[in-house]
A.B. asks: 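Here you go, one structure.
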Amino acid sequence: MSLDNQIVVIIGGTSGIGLAVSKAFVEAGAKVIVASRSAEKLKTAQSKLGGKVAGYTLDFRDVNALDEFFQEVGPLDHL
């Protein structure tokens with residue numbers, strides 16, 4: 001399945017299942033945006049996933065931060 005140029009947001013995509021899902025979307029051609037509370041984990045995940053991945057440090061418990069994140073990301077195809 002090709003996801004060329006589709007925008008995918010993965011919250012918690014820096015380790016475990018989330019990282020594996022992020023990798024699968026990258027391999028399918030998607031533009032992947034990964035969000036994590038940990039800047040360190042985010043940096044490590046981005047280096048593993050390659051240059052096509054945008055990363056955001058985000059505290060998911062902060063409603064205002066979530067609103068700002070989704071406004072900045074804009075339209076997306078998959079969450």
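Values below: every heavy atom of this structure, side chains too, minus hydrogens, waters and symmetry copies. For clarity, every value in this text was computed on a predicted model and none was experimentally measured.
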A.B. asks: Output a table of donor-acceptor pairs, distance under 3.5 Å, between side-chain atoms of residues 13-35 and any protein atom two or more places apart or on a different chain; print 'none' if there are none.
C.D. replies:
{"unit_1": "Ser22", "atom_1": "OG", "unit_2": "Gly13", "atom_2": "O", "d": "3.3"}
{"unit_1": "Ser22", "atom_1": "OG", "unit_2": "Gly18", "atom_2": "O", "d": "2.9"}

A.B. asks: Who pairs with Ser38 by side-chain contact (heavy atoms from CB on, under 4.5 Å), at least two apart in sequence or on another chain?
C.D. replies: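 Ser36, Glu40, Lys41.
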
A.B. asks: Under a 4.5 Å side-chain heavy-atom rule over Ile, Leu, Val, Met, Phe, Trp and Tyr, are Ile11 and Leu49 clustered together?
C.D. replies: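 Ile11 does not cluster with Leu49.
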
A.B. asks: How would you list all residue pairs meeting ring pair (Phe, Tyr, Trp, His ring centres under 6.0 Å) that involve residues 28-54, not counting sequence neighbours?
C.D. replies: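 Output for this query is empty, none listed.
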
A.B. asks: What pairs meet the ring pair (Phe, Tyr, Trp, His ring centres under 6.0 Å) rule with one or both residues in residues 26-48, with sequence neighbours excluded?
C.D. replies: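 Ring pair (Phe, Tyr, Trp, His ring centres under 6.0 Å) check on residues 26-48 returns no pairs.
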
A.B. asks: Just distance, no hydrogens or angles: give the donor-acceptor pairs under 3.5 Å from side chains in residues 72-79, sequence neighbours left out.
C.D. replies:
{"unit_1": "Asp77", "atom_1": "OD2", "unit_2": "Ile7", "atom_2": "N", "d": "2.7"}
{"unit_1": "His78", "atom_1": "NE2", "unit_2": "Gln6", "atom_2": "OE1", "d": "2.5"}

A.B. asks: List, one per line, each side-chain donor-acceptor pair under 3.5 Å for residues 56-70, sequence neighbours excluded.
C.D. replies:
{"unit_1": "Asp59", "atom_1": "OD1", "unit_2": "Arg61", "atom_2": "N", "d": "3.0"}
{"unit_1": "Asp59", "atom_1": "OD1", "unit_2": "Arg61", "atom_2": "NE", "d": "3.0"}
{"unit_1": "Asp59", "atom_1": "OD2", "unit_2": "Arg61", "atom_2": "NH2", "d": "3.3"}
{"unit_1": "Asp62", "atom_1": "OD1", "unit_2": "Asn64", "atom_2": "N", "d": "3.0"}
{"unit_1": "Asp62", "atom_1": "OD1", "unit_2": "Ala65", "atom_2": "N", "d": "3.1"}

